[in-house]
2 protein chains.
Amino acid sequence: MMPKTSHAAGLHRASLEKLHDLDAALELMYYGWRGMTLQADEYLAKQGLSRPHHRILYVVARRPDIAIGTLIETLGISKQALNRPLNLLLDRKLLTSRRSPEQHRSKLLRLTEAGQRIEKKASDYERKVMCEAFDRVGAPGAAAWMAVMETIADSS
Amino acid sequence: MMPKTSHAAGLHRASLEKLHDLDAALELMYYGWRGMTLQADEYLAKQGLSRPHHRILYVVARRPDIAIGTLIETLGISKQALNRPLNLLLDRKLLTSRRSPEQHRSKLLRLTEAGQRIEKKASDYERKVMCEAFDRVGAPGAAAWMAVMETIADSS
DNA sequence: CTTTTCAAGTCAACATAGTTGACATGAAAG
DNA sequence: CTTTCATGTCAACTATGTTGACTTGAAAAG
């Protein structure tokens, strides 16, 4: 008896007819994003966190003492949407907030040691995936990948 | 008076310090995905549709007469999650379903003309973005991009 | 013919990630 | 003192997904 061939969650790439020349590229973008984030998301889930938490940690790691308003702008979400994940991170002491000495209106965010550890570990999973892929194609291939992605990213 | 410099929705790319070598690649994957889907999502929103509807249309376009169970497997979502967007597409007559002649259990899905038109238009927006990016780097660059993305996609 | 199997459809409850609108607080700037 | 403005919080909503339980109806097996 056939074991029912469940491809677990989600498709097998390349199981679809290509109607157009660039269909493979569209599908690769989708699976590429999924592939890069898969292990990181699994790790984050084990920590009781998810993608938006990682996005916050990632940005704060690269901009210590960022104000909440700037973080909102940077993430491109509303303050209400930021509220819950941000408070979770503060409660879990992965982030600290303090008032600015001069600009007492703003709160400045920083990662704690624990926050740094989790941010790094989650990002490491993503970097590892990228690193292996870049190794396969060498420096010129990696540069070409970056060039393509920059064009796409700035196409908005 | 400054016009408040709202960067609209979401960040300016490249405003963050790079803590690691591959941080730029992580950010490019994020913005690349966003950039590729942005115009398509705007178009879909005008049609009262969104990404999951497009995913369904995309798959059915490339596998006419696909059964619902196969579609569920292909999309990697639960039948309950498929239910609402699928029924919307049927109601809007972008999809048709008929029972298989021999396998009368299964329902077979097909795009209507209108469904084909919308699927093509949404996918065209995405293909156009990819096409422009590939044009910039030439065939070898495009091939390198595909090679990198294949490695990443299969890294799960 | 009866029973089992199985694809499909449906209902309820829930989680997550976002939205808009309204309003409170408290420090800074006029 | 009053206005401005970053921040915080509440409520209501939408969209997209989940799991579990159950029905329906045709196919296959007895």
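Numbered from 1 within each chain, the chains take letters A, B, ... in sequence-line order.
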Tell me whether R62(B) forms a cation-pi arrangement with Y58(B), defined as NZ or CZ under 6.0 Å from the six-membered ring centre and within 45 degrees of its axis. yes
Using only heavy-atom distances, determine whether the side chains of D91(A) and N87(A) contain a donor-acceptor pair under 3.5 Å.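 No, because no side-chain N or O of D91(A) sits under 3.5 Å from a partner of the opposite role on N87(A).
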Between atom [atom1] in [X] and atom [atom2] in [N], what is the gap in whole Å?
| X | N | atom1 | atom2 | result |
| --- | --- | --- | --- | --- |
| L90(B) | dG9(C) | CG | C1' | 12 Å |
| L49(B) | dT14(D) | CG | P | 18 Å |
| R98(A) | dA27(C) | CZ | P | 17 Å |
| R99(A) | dA28(C) | CZ | C1' | 12 Å |
| K107(A) | dA27(C) | NZ | C1' | 13 Å |
| H53(A) | dA15(C) | NE2 | P | 14 Å |
| I77(A) | dT7(D) | CD1 | P | 14 Å |
| D41(B) | dA15(D) | CG | P | 14 Å |

Side chain of [X]: nearest nucleotide among [options]?
| X | options | answer |
| --- | --- | --- |
| I68(A) | dT7(D), dT16(D), dG18(C) | dT7(D) |
| N87(B) | dT10(C), dG9(C), dT9(D) | dT10(C) |
| R55(A) | dA12(C), dT16(D), dG18(C) | dG18(C) |
| K79(B) | dC11(C), dG18(C), dC22(D) | dC22(D) |

In this structure, which one of K128(B), R127(B), K121(B) forms a side chain to side chain donor-acceptor pair (under 3.5 Å) with D124(B)? R127(B)
With a 4.0 Å limit, can you tell me whether S78(B) has a side-chain N or O closer than that to the phosphate oxygens OP1/OP2 of dG17(D)? no
Contact under 4.0 Å: S50(B) side-chain N or O vs dT16(D) OP1/OP2: yes
When you match Q80(B) and P85(B) each to their closest nucleotide on DNA chain D, which lands nearer the 5' end?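 Result of the comparison: P85(B).
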Under 4.5 Å between any side-chain heavy atoms of E126(A) and L22(B), yes or no?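 Not in contact.
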Is there a side-chain contact between R55(B) and V59(B), using heavy atoms and a 4.5 Å cut-off?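 R55(B) does not reach V59(B) side chain to side chain.
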How do A81(A) and I72(B) order along DNA chain C: which one's closest nucleotide is nearer the 5' end?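 Taking each residue's closest nucleotide, the earlier one in sequence belongs to I72(B).
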